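Since this is a predicted model, take the numbers as computed values, not measurements. We name chains A, B, ... by the order of the sequence lines, and we start the count at 1 in each one.
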Amino acid sequence: MATTSLITDAPDHRPSNIESTALLAGEGRTAAGTGLKRFMWLLAALSVIGFVGIVFRFINDDGRQDWGFYAATLAWMLTIFGGAPMVAIAPALAKADWVRPVARIASLGAIVTAIIALLMIPLLFKFPALTQFSEVLGDDVRRRSIWFDSPSYAPHFWNVLILLTLALVGMAMAYVMAIPDFAAIRDHGTGWKQRWGKKLARGFYGRQQQWEWLKMRIGITGALYFAMLLYTNFTFSLDFAVSLVPGWKDSLFPFYHTITTFQAGIAFTIIGVWAARRWGGMNKYVGHEQMWSLGKFMLATTLLWFYFFYSSFIVFWYGRSDSDSATIKLLVSGPYIYLFWTVFFLVFIIPWWIMIWNKVRDSVWGPPIAAFIILFGLFLDRIRIYVSSWSAVPDDLELATTSILQDMPDTMWPDVFDVFIMVGLPALGLLSILLVTRLVPLVSLWEIQQSRLITKPVRFLRSHVQLVGKPD
Amino acid sequence: MQQRRILDEFTVNHELLRGNLATPKWWLPTVLGLLVVVLFGFTLMGIMFNRGLGVTGLSRPVYWGLFITTFVFWVGISHAGIMISAILRLTQAEWRRPVTRAAELLTVFSLLTALFFPLIHAGRPWRIFYWITPYDFARGIFPNARSPLVWDPFAIGTYLTGSTLFLYVALLPDLGVLRDRTTGWKRAFYTVASLGWRGNPRQWRLQTVAGILLSALMLPIFVSVHSIVSWDFAVTPAVEGWHSTVFAPYFVVGAVHSGVSAVVTMMALMRWLWGWDNYIRPEHFDALARLLIVVACAWLALTFAELIFGVYSLEAPERALREMQMFEWPWNLLFIIFFLTGFAIPVPLWFFKRVRNNIAMMFWTSILVNIGMWLERFLIIVPGLSRKQPFVFTWDSYQVSPLEWGLLLWSFAWVMMLMLLFSKFFPLIPLFETKESQVFTTDVQIGRVTMPAVIRELD
Amino acid sequence: MVTEVTEKTAAQRVASHKWGMVVDVDRCTGCQACVMACQAENNIPLSTEDIYRQKRTFAWIRVERYWYGDFPDVKARFIPIMCQHCENAPCEPVCPVYATYHNTEGMNVQIYNRCVGTRYCANGCPYNVRFFNYWEPVWPVSLRNQLNPDVTVRSRGIMEKCSFCVQRIRRGVREAARDGRDLQDGDIGTACTDACPTNALVFGDYNDENSRVSIMAKDDRKYTHLDALNTDPNVLYLAQVDATGGAIGGHD
């Protein structure tokens, strides 16, 4: 077989290295336009409003149930921004080349996890301890949790620690993945960017040994981040939702939470790609190939949302015990029934129906629409879970040790401060990402350059394909 | 590191059709030996039909034992096929090529084996059409759609149909090759089977599209089949340790773990028995081992969740069951063996590149994994049944009878015999995939390094 | 009165009842007469020593004995357990062939000739009151004339369990209709309730406010087994009382 004659060179329209460097690291980078500046000021204002909301929440709250929306907002932010770096890990784990341009956008989500860890502290003041005095029993009573015989403050302490560790590992990973770009900024940039690039590059000059060190660090931080994310989802979802509701015994819930984290992370990356193309000038770097492949995974995780939801639902439904029925009533068919059906359509039916069409998935406008719908739907889903859990905690903890939820709580509606919080905190997250992108290029330059080295467009018989080298 | 071999078409045809155009010397004695075991197994089934289920070790309250364990085990192994051929095809992973057909074959034959077990272990197997056919025989009653046992045959039947179609569609080009190289009755057989395959562009396009469509359609089935099997257990609140929401993904991930390990075993055997060193290379075992590490870690997380939630509710019956399952004799020994063989020995070994690239090590670790996974199913099913609820007067254990061990042995012999029979008439490694990979790969020079490069289609 | 009874259709006669049982644990002496009576009435296969060693004994009603108290005041408590005929039965939704279902009279019924023998219902039953015929039942020659012609003799591969002696219920209802009288409480008795020397087992119609079971169901001592599983059984238990008159151990 004459293999070489079937593969011939094809015209290469990809941006050259000089052009990429100029755009991403050097003089081609424009300063923030007025539109962006105005948007960032808007986000800053919203963040301040968010803090105002938190302060007022402290001042007038009628009890634990009023903090449900705060918990839901934090959970939603953790879901999106915690899940996004997973997309960045994919090139290292699966040696997938198409992910390289979006890895930077994805890894930026890690910055927000630190903010989430700090924002969790007000919530911890309202989070019930494991052991409390019960009026009804006249004695100390301990509620169910995964911390078994640990001291009373265990969930509070460990949750902050775990979330901070996640933030540190995530930021370490994002930083390590950006070091070569900082070096490029040091070499080609000007002004304050050049100074910061020099500080952050810490002597990276692209020597063989430095590259190998870098690859190893990326691999280690990536694997650690994956493990920490799973663990964070485990403890956060169990402590802040499942353990609070008497009778809710759901071994699948942490994994449901994790799958939606992946779904949200992919959705965030897709929206980031869309924004990078529309306003960031990254049209030549990220396009419909990324949308197509990310869209496939978003479709898969959307289907998995339904699968994980249904797996726990069917077990509760057939169980028919009081605690099973109460759990279904609280989360699905009772006070939050309309919310549940809205979530069902927004997170599953509508995105599925959008994303199964090849033509939609293979476009640059299709996946972002589905991604927006999914993210909004997931926000409502977090409200469904966390608001209902926080309002189901019985006042007297004696009831929490029984296995059955005695009184179904009423539907909780957000008041004006809850709206402040729900709008302000995500704005703060988005603002921090935008601030970071002032220095860090939106698309990672060194990944683009490596991609150029290893891949090239070729002609195979009569079609255009890509030739991908396999160095390892 | 990619170990690319440059092979011309003649060599590929000659080597891969080695099993079909001529019979290897070991083939006939092996098949005859397996046939003896298979016939022995059918005899045992006959004895069971004739005398009743009393010949097994099943008792009250352990009504489900080794047969259902083996059923779940074989359904689990069948998940390898879709994992490897469908998912790796859709993600365009090159290293799947030698493995796809063997994995699909394992799926089809293990499903066929799995189907036997729930049917033979019914009390009155001659009446099972009440159960598995969606028709109201006598008395105008359809099967009970609320029962997971009714979903089982439909799910497994769908999976079997889809996998068989997938296997057949992928087999067509190779049937054409065989038709062109045989004479006599064999030629007549291959002519009919190849459905007029000529290898023109239209047929290739249809075949490729059919393969992609079937891959995508089989993915939901892949997830749902073993979930439905898991719901056989999860919907019964009476048995402690069964009523757990995590069962569905737990079983699916366990199935992938067990199935991919079975594929590793099979690939090692293929390489050794037919001498296919050029096609099944250490790099394939390396890639499979890395996939297995990810799957095994996911499986560990799910196992941990299942065990921790066993005691989370602080309800005495479930805690008592978990304690019995992990700490009391004889379950504690089985538990330790299960954990060691299923995870603690193979997975750390797979972290080492030398182990991953050593085919004998991969063969033995994959067998260990499947021993562990069989024990896992046994530990899920039997302890829960033997200690159901606080009515101590009905607690009882389960003694596996020789007949049941015999049927377990039969199931392995049956699968192996079917695979060997298949290998006589059809090539186990797809010829067209191998040739496609030859055409799709070339060497490129980047700087001072020459490396293999693969074509990736831009959708 | 005569016209009232004869005007009811068969379906109406059947549907107007809700059969149930009350078991007074305090009265049970553990004599096992109920077990013997049930075996004789319902053609239950013999639990020989071989069957016992295979752990496959049949006892549609069984008497469980629990010790309580410290030495030397150790006492025994006897609890007869039969099919609880749960309104929310976990055995019903899982049978693939509808061989077990809940009829309109509040009973969980088993259709022997439909049963395929998957034993899924037995796994679902938390009370372990379902029994499987692993072997073809064999009675010694001397016992064959004792088989009850009103009750099916089950072959191997079939699940069976307490049926509240449905043959006696049907006979009682038929005879009352034939004689043109209403059913009174006590007209129909299951084999175990008829055999019990201390009246610890009482059978009746919950829909009849004046029946003994309806009156006993209002007792303070009443409880049901495994109520956390929410099976809603039709068999109520009355707890044993200790020397001071307080109830002992509601359930195990």
Side-chain angles (χ1 to χ4, degrees), chain B residues 51-64 68 118 121-132 138-139 141-153 232-233 235-240 242-243 315 317 381 384-385 388-399, chain C residues 50-51 53-59 62-66 79 81 89-101 111-137 154-159 225-226 228-231 251-252:
Chain B
R51 301 190 55 206
L53 279 170
V55 299
T56 64
L58 296 169
S59 66
R60 168 180 165 253
V62 184
Y63 290 104
W64 282 357
I68 296 295
H121 108 306
R124 297 201 294 171
W126 50 93
R127 298 255 181 150
I128 50 175
F129 54 84
Y130 285 164
W131 166 18
I132 58 178
R139 303 178 198 91
I141 309 174
F142 279 82
N144 180 5
R146 281 202 298 171
S147 167
L149 267 189
V150 168
W151 311 333
D152 267 349
D232 281 345
F233 307 105
V235 302
T236 32
V239 184
E240 302 300 343
W242 281 15
H243 192 57
E315 279 160 19
I381 296 177
L385 282 178
K388 221 197 309 184
Q389 301 297 334
F391 293 110
V392 296
F393 275 76
T394 53
W395 288 356
D396 238 331
S397 61
Y398 168 50
Q399 197 72 22
Chain C
D50 274 338
I51 298 286
R53 288 194 189 286
Q54 292 168 19
K55 302 164 194 162
R56 294 169 181 158
T57 50
F58 288 82
R62 66 177 185 267
V63 178
E64 301 201 343
R65 181 262 302 126
Y66 294 100
I79 307 186
I81 300 190
C91 62
E92 285 163 13
V94 295
C95 173
V97 292
Y98 273 131
T100 178
Y101 71 97
I111 317 285
Y112 300 129
N113 41 14
R114 179 90 179 160
C115 178
V116 177
T118 58
R119 307 183 297 290
Y120 201 174
C121 56
N123 288 337
C125 177
Y127 305 97
N128 267 328
V129 288
R130 285 178 156 274
F131 303 87
F132 182 67
N133 284 286
Y134 282 102
W135 301 108
E136 192 74 33
R154 284 81 56 193
S155 73
R156 67 178 163 94
I158 293 180
M159 298 294 309
H225 282 294
L226 302 178
L229 292 178
N230 207 20
T231 51
H251 26 112
D252 5 312

- Taking the six-membered ring for Trp, are W242(B) and F233(B) parallel (under 30°), tilted (30 to 60°) or perpendicular (over 60°)? perpendicular
- Task: Let me know if I132(B) has heavy atoms under 4.5 Å from chain C in its side chain, its backbone, both or neither.
- Result: neither
- Task: Under 4.5 Å heavy-atom distance to chain B, tell me which part of N113(C) shows up: side chain, backbone, both or neither.
- Result: both
- Query: Can any side-chain N or O of Y120(C) pair as donor or acceptor with the backbone N or O of D232(B) at less than 3.5 Å?
  - Reply: yes
- Item | Part of W151(B) lying under 4.5 Å from any heavy atom of chain C | neither
- Looking only at C115(C), P96(C), A99(C), C125(C), most heavy-atom pairs under 4.5 Å shared with chain B are made by P96(C)
- Message: For the CZ atom on R51(B), are there more than 12 heavy atoms of other groups (residues, nucleotides or ligands in this structure) within a distance under 6.0 Å?
- Response: no
- Item | Top contributor to chain C contacts, counting heavy-atom pairs under 4.5 Å, from G54(B), A238(B), G52(B) | G54(B)
- Is a donor on one side and an acceptor on the other found under 3.5 Å between the side chain of R154(C) and the backbone of P137(C)? no
- Message: Can you tell me which of G124(C), G117(C), P93(C) forms the most heavy-atom pairs within a distance under 4.5 Å of chain B?
- Response: P93(C)
- Message: I'd like to verify something: which residue of T118(C), L229(C), V97(C) has the highest number of heavy-atom pairs under 4.5 Å with chain B?
- Response: T118(C)
- Message: Below 30° counts as parallel, above 60° as perpendicular, anything between as tilted: where do the rings of Y63(B) and Y134(C) land?
- Response: parallel
- Task: For N133(C) and I158(C), indicate whether the former's side chain and the latter's backbone hold a donor-acceptor pair under 3.5 Å.
- Result: yes
- Part of S147(B) lying under 4.5 Å from any heavy atom of chain C: both
- Message: Please check this pair: side chain of W131(B) against backbone of L149(B), looking for a donor-acceptor N/O pair closer than 3.5 Å.
- Response: yes
- Item | Residue V55(B) versus chain C: region with a heavy atom under 4.5 Å | both
- Task: Identify which part of T57(C) has an atom lying under 4.5 Å from any heavy atom of chain B, answering side chain, backbone, both or neither.
- Result: both
- Contact origin within R62(C) toward chain B - heavy atom pairs under 4.5 Å: side chain
- Tell me, side chain or backbone of D152(B) under 4.5 Å from chain C's heavy atoms, or both, or neither? neither
- Sort F131(C) into side chain, backbone, both or neither according to what part of it lies under 4.5 angstrom from a heavy atom of chain B. both
- Message: If you compare all heavy atoms of I79(C) against all heavy atoms of H225(C), which two are closest, and at what distance to 0.1 Å?
- Response: CG2-NE2, 3.6 Å
